[in-house]
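First up is the structure itself, then whatever we jot down about it.
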Amino acid sequence: MNLPAANANETDELLAARGITKTFPGVRALDDVQITVLAGRLNALLGENGAGKSTMMNILAGVLPPDAGEIFLAGQPVRFVNPRAAQQAGISIIFQELNLVPHLSIAENIFLGREPRNAVGLLDYARMHRDTRALMAELELDADPRTAVARLRVGAQQVVEIAKAISFNSRVIIMDEPTSAITEHEIKVLFRLIKRLKERGTGIIYITHKLDELAEIADDIAVFRDGRFIASKPFADTTRDEMVRLMVGRELTDLFPKTTTPAGGEMLRVEKISLRHPERAGDFVVRDVSLAVRRGEVLGLFGLMGAGRTELLQTIFGLHPHTATGEIWIEGKPICIRSPRAAIDAGLALAPEDRKGEGLVLVHSVAENTTLACLEKISHFGLLQPARELELVGRYVKRLGIRTPTLHQAVRHLSGGNQQKVVLAKWLATEPKVLLLDEPTRGIDINAKKEIYALVDELARSGLAVIMVSSELPEILAIADRILVLAEGRVTAEFARGAATEEAILRAALPNSRN
Ligand SMILES: Nc1ncnc2c1ncn2[C@@H]1O[C@H](COP(=O)(O)OP(=O)(O)OP(=O)(O)O)[C@@H](O)[C@H]1O
Ligand SMILES: [Mg+2]
């Protein structure tokens with residue numbers, strides 16, 4: 001075959017893939033798609049959950065073989081038999097799902113399989129730690145290279161993934177939702193790094209659901225939909241509305257369909273909740289937090305990462321019985337919650353942010369995961385009623401637009417965003433009185449976000465009380481009736497709907513903002 005395009009642009013077309021097709025049992029993940037990466041430019045790959053973005057990246061990085069199609073590196077056809085081959089050819093990837101070995105140290109993870117050796121062939125730990133320290137400095141991560149990765153919070157693990165990817169000095173770096181778990185500050189550092197990489201001529205493919213990030217970093221965009229290639233163009237020639245239309249296939253109006261919900265009687269009240277720090281004696285992760293939510297009310301909980309938001313929800317849900325103090329009332333009755341079981345029985349549900357940890361059993365099916373917390377609803381005298389189960393699961397799959405070939409598909413075969421939707425389905429299916437949502441739209445595409453906002457609104461209207469943790473300000477401003485801000489484990493501000501501005505909320509969220 002004659003390859004005019006690939007050869008003509010040999011100098012700046014670093015990586016090009018065409019005609020890529022990939023089928024999994026029951027799913028055509030990619031159907032004749034293409035993508036190009038130019039030297040010194042960042043190509044943002046956009047598409048709804050399940051559109052095929054991660055699958056395409058796994059093919060480019062040698063993790064999966066394509067069923068059909070060609071890949072060219074600097075104009076030359078290539079075929080990677082494994083990730084190492086892709087790495088050696090100059091392509092590295094930051095995986096959407098973290099891919100580190102938990103009990104190995106930061107340095108060991110970064111140099112896994114290519115550890116430097118000294119003159120007598122022994123592992124050269126000094127050099128490994130020195131090089132790791134330099135990478136950490138570039139990424140402004142303050143951690144000892146000898147720390148086991150399992151001891152880092154998720155965001156810091158993500159930064160280690162990034163460090164690992166750049167340590168190969170690759171010509172092409174693939175970043176699959178790198179900012180979904182890191183702090184504002186870490187995002188700034190990453191964006192500065194991206195600028196430096198581009199100046200060095202590195203080509204980057206960048207996947208994100210946060211369109212607001214693009215203005216700062218994107219040079220080109222590419223859009224996939226339902227496993228098909230839809231469009232690619234320079235970022236400067238498109239608009240937010242057009243990107244959404246290309247992704248979703250139609251106009252999306254009214255992202256935040258908030259109807260005013262008259263709040264009813266008090267549903268949940270917590271008084272003076274505190275949670276001791278797991279390691280630092282005398283220190284607290286949550287400190288003297290009191291709050292109340294009414295029937296029909298959506299309470300937004302904003303805070304920077306590390307503010308104690310997740311831990312506050314966990315404490316209310318009975319996950320820290322030995323380190324927490326405080327009192328809880330539901331519908332005016334004092335209640336003792338010392339386990340998630342007790343919390344569920346009292347009418348609480350907590351949809352956690354970490355879908356891999358407490359969220360899901362990845363090897364189990366969509367149906368099994370969805371009904372895990374509400375088995376009594378689909379059982380009769382202790383016997384599971386399959387027809388009832390499928391009816392219930394089918395309803396939530398449809399409502400949340402969960403993209404799966406069947407209800408029996410193992411959850412680990414779903415795309416990242418679709419896994420997140422199963423977490424929500426599982427907790428909604430318990431039909432709680434109080435719904436605690438921890439970052440419910442992380443990694444979720446824009447159309448599904450809209451569905452989730454509509455659902456939260458509808459649930460509130462039907463009489464639920466909702467507490468929603470979010471680090472996306474526009475989201476929290478749009479759907480919360482009231483907003484509490486946490487910083488360093490304490491409530492630092494409260495705003496009524498309409499009285500809050502992004503600036504005021506952010507100011508209250510900064511550490512030492514107590515007033
Ligand atoms: N190993 C697998 N087995 C079966 N199906 C799979 C497998 N990996 C991916 N799929 C399916 O292929 C489709 C594309 O998934 P992919 O992970 O590429 O989506 P994505 O665009 O990255 O979505 P997200 O934004 O949610 O991360 C989905 O329908 C997914 O369920
Ligand atoms: Mg993905």
Side-chain angles (χ1 to χ4, degrees), residues 17 20-35 43-67 69 83 93-99 158 161 174-181 205-211 213-214 221-231 243-244 246-249 353 355-356 359-360 362-367 369 397 400-425 439-452:
I20 303 287
T21 294
K22 180 79 189 172
T23 308
F24 297 110
V27 188
R28 170 152 287 202
L30 295 172
D31 185 0
D32 189 20
V33 299
Q34 63 194 68
I35 194 155
N43 191 358
L45 176 55
L46 309 175
E48 291 185 280
N49 296 132
K53 304 178 301 293
S54 295
T55 303
M56 182 68 173
M57 296 308 107
N58 283 329
I59 288 173
L60 293 179
V63 179
L64 288 173
D67 298 341
I93 179 166
I94 301 166
F95 288 102
Q96 177 176 13
E97 304 301 337
L98 296 178
N99 218 32
Q158 183 79 65
E161 277 270 5
I174 296 165
M175 305 185 176
D176 195 348
E177 297 192 41
T179 57
S180 64
I205 305 182
Y206 187 96
I207 298 178
T208 188
H209 291 291
K210 303 182 188 170
L211 299 182
E213 293 183 337
L214 299 182
I221 63 153
V223 182
F224 289 2
R225 185 166 74 231
D226 290 335
R228 294 203 174 79
F229 171 81
I230 299 297
M243 290 189 283
V244 172
L246 291 170
M247 277 190 277
V248 180
E353 61 177 335
R355 57 179 173 255
K356 272 193 159 173
L360 294 173
L362 290 175
V363 296
H364 285 182
S365 71
V366 172
N369 272 286
V397 163
L400 293 171
I402 298 174
R403 201 186 138 111
T404 176
T406 76
L407 303 183
H408 305 294
Q409 179 78 314
V411 162
R412 74 188 149 99
H413 291 323
L414 301 192
S415 78
N418 281 299
Q419 292 180 7
Q420 190 65 33
K421 293 187 205 171
V422 177
V423 175
L424 279 178
E439 296 279 7
T441 62
R442 169 172 295 164
I444 296 263
D445 73 56
I446 190 154
N447 192 29
K449 269 185 191 162
K450 183 181 149 151
E451 272 301 317
I452 288 168

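Whatever order the structure lists ligands and atoms in, that order sets their numbers, starting from 1. If you read the sequence from its start, that first residue is 1, and numbering goes on from there.
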What residue and heavy atom of the protein are closest to [atom], and at what distance?
atom                    : result
atom 29 (O) of ligand 1 : Arg403 NE, 3.3 Å
atom 17 (O) of ligand 1 : Ser415 CB, 3.3 Å
atom 14 (C) of ligand 1 : Gly50 O, 3.4 Å
atom 8 (N) of ligand 1  : Phe24 CE1, 3.4 Å
atom 18 (O) of ligand 1 : Thr55 OG1, 2.6 Å
atom 12 (O) of ligand 1 : Ala29 CB, 3.4 Å
atom 31 (O) of ligand 1 : His413 O, 3.0 Å

For the side chain of [X] and the backbone of [Y], is there at least one donor-acceptor N/O pair under 3.5 Å apart?
X      : Y      : value
Glu177 : His209 : no
Asn49  : Gly443 : yes
Asn418 : Arg403 : yes

Are the side chains of Ile94 and Ile174 in contact, using a 4.5 Å heavy-atom criterion?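 Of all side-chain heavy-atom pairs linking Ile94 with Ile174, none is under 4.5 Å.
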Is the number of heavy atoms from other residues, nucleotides or ligands within 6.0 Å of CZ (Arg228) greater than 12?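 Not buried by this count: 12 neighbours or fewer within 6.0 Å.
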Using side-chain hydrogen bond (donor to acceptor under 3.5 Å, both in side chains) as the criterion, list what pairs up with Gln158, not counting sequence neighbours.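 Partners of Gln158 by the side-chain hydrogen bond (donor to acceptor under 3.5 Å, both in side chains) criterion come out as none, since no residue qualifies.
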Residues in side-chain hydrogen bond (donor to acceptor under 3.5 Å, both in side chains) contact with Ser54, at least two apart in sequence or another chain: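 Once residues adjacent in sequence are excluded, the partners of Ser54 under the side-chain hydrogen bond (donor to acceptor under 3.5 Å, both in side chains) criterion are Gln96, Asp176.
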At a non-hydrogen distance cut-off of under 4.0 Å, which region of [X] contacts ligand 1 (side chain, backbone, both, or neither)?
X     : answer
Glu48 : backbone
Val27 : side chain
Gln96 : side chain

Purely on distance, is any nitrogen or oxygen of Ala51 under 3.5 Å from one on ligand 1?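 It does: an N or O of Ala51 is found under 3.5 Å from an N or O of ligand 1.
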Geometric N/O contact Gly443 with ligand 1, under 3.5 angstrom: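 Among all N and O atoms of Gly443, none is under 3.5 Å from an N or O of ligand 1.
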Under 4.0 Å, counting heavy atoms only: does [X] come that close to any atom of ligand 1?
X      : answer
His209 : yes
Gly47  : no
Gln419 : no

Would you tell me whether Thr404 and Gln409 have side-chain atoms, one donor and one acceptor, within less than 3.5 Å of each other?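 No, no side-chain donor-acceptor pair sits under 3.5 Å.
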Which atoms from ligand 1 have a heavy atom of Gly416 less than 4.0 Å away?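 Those qualifying, in numeric order: 26 (O), 27 (O).
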What protein N/O/S atoms are there under 2.8 Å from the Mg ion (ligand 2), waters excluded?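 Protein N/O/S atoms under 2.8 Å of the Mg ion (ligand 2): Ser54 OG, Gln96 OE1.
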Show every donor-acceptor pair shorter than 3.5 Å between a side-chain atom in residues 22-31 and any protein atom, with sequence neighbours excluded, or say none if there are none.
from	atom 1	to	atom 2	distance (Å)
Lys22	NZ	Pro65	O	2.8

From Glu451 atom CD to Leu424 atom CG, the distance as rounded to the nearest 0.5 Å: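 The distance works out to 12.0 Å.
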